Amino acid sequence: MPTQYDPAAVEVPTYQRWVDAGYFTADPSRVLSGERKPFSIVLPPPNVTGNLHVGHALDHTMMDILARWHRMSGDEVLWLPGMDHAGIATQNVVEKQLAVDGKTRHDFGRELFVQKVWDWKAESGGAILGQMKRLGDSVDWSRERFTLDEGLSAAVQTIFKRLYDDGLIYRANRITNWCPGCLTALSDIEVEHSDDPGELVSIRYGDGEDAIIVATTRVETMLGDTAIAVHPDDERYAHLVGTTVTLPIVGRQIPIVADEHVDPSFGTGAVKVTPAHDPNDFEISRRHNLPALTILTPEARITDTGTVFDGLDRFEARVAVKEELRRLGRIVAEKIPYIHAVGHCSRSDDVVEPRLSLQWFVKVESLAKEAADAARDGRTVIHPPELAARYFDWVDNMHDWTISRQLWWGHRIPVWYGPDGETRCVGPNEEPPGEGWTQDPDVLDTWFSSGLWPFSTMGWPENTDTLKAFYPTSVLVTGYDILFFWVARMMMFGLYAMRDEDGRGLQPFDVVALHGLVRDERGRKMSKSRGNVVDPLAWIETYGADAVRFTLARGANPGSDQAIAAEWVAGSRNFCSKLFNATRFASMTGAVVPTGPLDREGLTDADRWILGALDRTVRSTTTLLGDFQFAKASEGLYQFAWNEFCDWYLEFAKVEVYAGGEGAERTRQVLGYVLDTLLKLLHPFVPFVTETLWTSLTGGESLVIAEWPEAAANQEDTAEVDARIEKVQKLVTELRRFRADQGVRPSQKVPARITGLEAAGLAGLEGLVRNLARITEPEEGFQSSAEVEVGLGTAGLVVSIEIDLSTTIDVEAEKARLAKDLAAAQKELGLATAKLGNTAFTDKAPAAVVDKIKARAELAEADISRFTARLEALAASAPTGGTPA
RNA sequence: GGGCGUGUAGCUCAGCGGAAGAGCAUCUCGUUUACACCGAGACGGUCGGGGGUUCGAUCCCCUCCGCGCCCA
């Protein structure tokens, strides 16, 4: 057996073995028959163009931990994978390829272009699925879905028709977020705001007493102004309301109107009104019957203004119009730079232009209310609860959702227009109308289809066994940053489409478990421009998937961000190696995993101590996983495995095993039992290394289908045993400290006489102390050169060890050691005495607390007198050196 | 501007009314037959500042300062 674990050699074949064995395939019949409880997760569908980034790695690790834990706990687990078609992103990818040959999608026509996108998807799309396998995702590949596949497309058409017939989908001319790069409308959540430097230009309209000054960051839009608005109570402008003013450059007369929504305290209190290019202005125009003049083409070039600026790009026009206004003496002030929030397209990063256009919308009011209610009444629990406010903030203030996109790649809107202006929405099983009718050219927002994901993937609108067994899903795991993207959409559609027997909406998930962002090692957000993006696959190659998973799990505190760095992944790799070596040792010493429950008769204190700690770990791990506390669960397992099992128990076990006999046999069983249980507990976190070690240790088929451990039913109270082992640890640690201070090499054995063990209740544990502290029995000619006294937590309870170093001791080092201990004890005594001298404390504090402080004071006093005596003895006996050997 | 978080050892984070914790980093010693991807030991913190409540505050309240996120 090698001394180091090599993840690269085992991970890929191990994963393939799991898939081939069918461990991840869900069987709804076992749920419907009542044999097993269901546990289901739908994977928030990644983008078909995407690659696994470290945020996915965290998300997937959490889901996989839950899936594997529930599978081992005897639930029927469905973890359903798939991808979304990512309308804009995917179309952009293929259009970029065409652009290399100087072609556009229009050169091919709609049908041919869409075929090219499918070709691309077949060849290079979905790389992320292979990357999920590397990470170890235990998803049911037999149920993989794609938002644009046949079944899901039928689901989209079905729900569209239902919403349309219910009056929840409508078409209207509205101001929408328009991306001049992608040439499509966007929904609110596809717009990202950033504080960008721009300029705030103040322009004077009119002259003399009738002059009115407005400020804007988009000077070119003045060409489309159709009014000036002021607040009705604003006395500064009262005399102007109802009059008109000449629009500079254009020469058009525009009215001055009074509108409640103008903020009189902002700027000059007057605003220019450009109805076709600003949502607020559009509202004002509707209230005052103002015309809306579209002055920008879809590509954001000036158009239809009748000025020399027609044809200019918006940013060129911004400069040119300002210069012309300056020439006309209309510029009164400029603030440069002026930092303000600017919306960018989340796909292309182009500055989004508010633009009046005819689009399809979902009327969200009733849907959003349902989505909020389901969370408020606990049908869906948001975890951690402090993030629920964020969810409510969003669903309570949602605007109607723009669902049409001017793209070709996606679900085409199933609405047809007749020769006489008729409109007909076509359901999934209906024939489209014939001659003379044309279908709406637009497609639906990708999230319209991903909103159906929790049930469309299970076969909806058919009432399949999968749906019956696994909907509502148990938990949705996702980052708080996309709470709006996934959760709100899926909640709205799930509650609308899925109903229980009473016709009540059925929530898509029982729990929404939110995690934070993965940041770089200094806590900064990862970004391409900063160059601090980490590639989880590179880390998987270097350190193994288990190491990446364990690092992410260990940092995953609910709802909060985590930092990650390569050296921490290396630490997790080291942990996997530690497990490997512990198992290696256990195998070499002949550890056996008991087939039934462990026989707890005749066990040593060390055995009972580790079993007690193991039981606590089983209990806490199970509880913490149920509460999505991945960080604490991982940390607890790490501490148990490394600091208790490896650092102490294995050393105790060596003493017993090397002694041979019956005790050795029992220890081998305990070793096997603890390791078997530990590997099971760790399997959801680090599936590959645990699988490798467990199958080799036990000869079992697979940990994937092994049974999740339960804490011993009649667990004995190990408090006394724990106290004894703690004392042993204290003795060993103090002796090691003395040795280190005296410069005695760890491997060097030194003779020593121990007294007081029996009084401390440690009579049977001398062997452990001697072996771990590397001290031997005193032999002939034994001469103590130093005495170490170790206090064991109670005043007067002291074990003394006389050590024969067979050389002079380093008196200065020993003095320093004692002085340090003395100072600590004195500080302790000072604090305790002060408290006890305070009658307010002794009167009001609980008796148990007062007693505890009294005990501490006594212990400190005892320590002080002991340390003082020893220091005095040192000073008297050896002022210049040590005692001759 | 509104809201939500957050500030604890050099770094990343737990703890959140009764003796300051972990991992990593640093320093010293060490090839002792599971492991140098290791072992043993050590160093390191007026728990952002200031008030208040309490017998007692890192923990509760107020306030100020710093940082982050979301929404306008």
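By convention in this document, chain letters (A, B, ...) are assigned in the order of the sequence lines, proteins followed by strands, and residues within each chain are numbered from 1. Because only heavy atoms are used, hydrogens play no part in the values below, and waters and symmetry mates are left out as well, while side chains stay in. Keep in mind that what you see is a predicted model, and the values were worked out from it rather than measured.
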Quiz item: cation-pi between A/Arg489 and A/Trp401, 6.0 Å / 45°: yes
Options B/C37, B/A42, B/G30, nucleotide nearest the side-chain atoms of A/Pro746: B/G30
Pairwise C1' distance, B/G21 and B/C59 [rounded to whole Å]: 15 Å
Integer angstrom distance from the C1' of B/U53 to that of B/G45: 26 Å
Contacts of A/Glu861 that satisfy salt bridge (charged side-chain N to carboxylate O under 4.0 Å, His left out) - sequence neighbours left out: none
Side-chain H-bond candidate by donor/acceptor type, A/His231 with A/Asp263, under 3.5 Å: no
Whether A/Phe640 and A/Phe645 hold their rings parallel, tilted or perpendicular, with breakpoints at 30° and 60°: parallel
Sugar-phosphate, base or nothing in reach of A/Arg573, heavy atoms under 4.0 Å: base
P spacing across the pair B/U26 / B/A20, given as an integer number of angstrom: 28 Å
Sugar-phosphate, base or nothing in reach of A/Glu651, heavy atoms under 4.0 Å: base
Residue A/Arg554, side-chain atoms from C-beta onward, closest of B/G41, B/A34, B/G23: B/G23
Partners passing salt bridge (charged side-chain N to carboxylate O under 4.0 Å, His left out) against A/Asp400 (at least two apart in sequence or in another chain): none
Who pairs with B/G18 - Watson-Crick or G-U, where each distance is under 3.5 Å: B/C55
Touch class at under 4.0 angstrom, heavy-atom based, for A/Tyr638 against every strand present: sugar-phosphate
Residue mapping more 5' on RNA chain B - nearest nucleotide basis, A/Gly743 or A/Gly571: A/Gly571
A/Ser572 versus A/Thr551, side-chain donor and acceptor atoms under 3.5 Å: yes
Review item, nucleotides 8-15 of chain B N/O atoms under 3.5 Å of protein N/O:
from: B/A14; atom 1: O5'; to: A/Asn557; atom 2: ND2; distance (Å): 3.4
from: B/G15; atom 1: OP1; to: A/Lys632; atom 2: NZ; distance (Å): 3.3

Closest nucleotide among B/A34, B/C38, B/A22 to the A/Asn574 side chain: B/C38
Sugar-phosphate only, base, or nothing, as touched by A/Arg774 at under 4.0 Å among non-hydrogen atoms: base
Under 3.5 Å, which N/O atoms of the protein pair with N/O atoms of nucleotides 58-61 of chain B?
none

Strand contacts (RNA chain B) in residues 816-839 of chain A, 4.0 angstrom heavy-atom criterion: A/Lys820, A/Glu828, A/Asn838
A/Lys578 side-chain proximity, nearest of B/A42, B/C24, B/A34: B/A34
Sugar-phosphate only, base, or nothing, as touched by A/Asp741 at under 4.0 Å among non-hydrogen atoms: nothing
Residue list, ring pair (Phe, Tyr, Trp, His ring centres under 6.0 Å) with A/His344, at least two apart or on another chain: none
Sugar-phosphate, base or nothing in reach of A/Cys576, heavy atoms under 4.0 Å: nothing
Atom C1', compared across B/C37 and B/C24: separation rounded to whole Å: 14 Å
Which nucleotide in B/A34, B/G18, B/G41 has an atom nearest any side-chain atom of A/Phe841: B/G18
Lys/Arg cation over aromatic A/Trp648: A/Arg736, 6.0 Å, 45° cone: yes
Candidates B/G18, B/C37, B/C69 - which lies nearest the side chain of A/Arg390: B/C69
Short side-chain N/O contact from A/Tyr5 to OP1 or OP2 of B/C38, under 4.0 Å: no
Phosphate OP1/OP2 of B/A34: any A/Lys654 side-chain N/O under 4.0 Å: yes
Sugar-phosphate, base or nothing in reach of A/Gln748, heavy atoms under 4.0 Å: nothing
Touch class at under 4.0 angstrom, heavy-atom based, for A/Arg856 against every strand present: base
Sugar-phosphate only, base, or nothing, as touched by A/Phe392 at under 4.0 Å among non-hydrogen atoms: nothing
A/Asp607 side chain to A/Tyr649 side chain, donor-acceptor N/O pair below 3.5 angstrom: yes
Cation-aromatic face contact A/Arg554/A/Tyr638, 6.0 Å, 45 degrees: yes
Any A/Trp642 side-chain nitrogen or oxygen under 4.0 Å from OP1 or OP2 of B/G39: yes
Inter-nucleotide P distance (B/U31, B/U12), Å rounded: 36 Å
Whole-Å C1' distance, B/A22 and B/C62: 33 Å
Rounded P spacing from B/U58 to B/C67 in Å: 26 Å
Parallel, tilted or perpendicular, as decided by the 30° and 60° cut-offs, for the rings of A/Tyr5 and A/Phe580: tilted
Residue closer to the 5' end of RNA chain B, A/Tyr658 versus A/Asp647 (nearest nucleotide): A/Tyr658
C1' atoms of B/A14 and B/G23, separation to the nearest Å: 10 Å
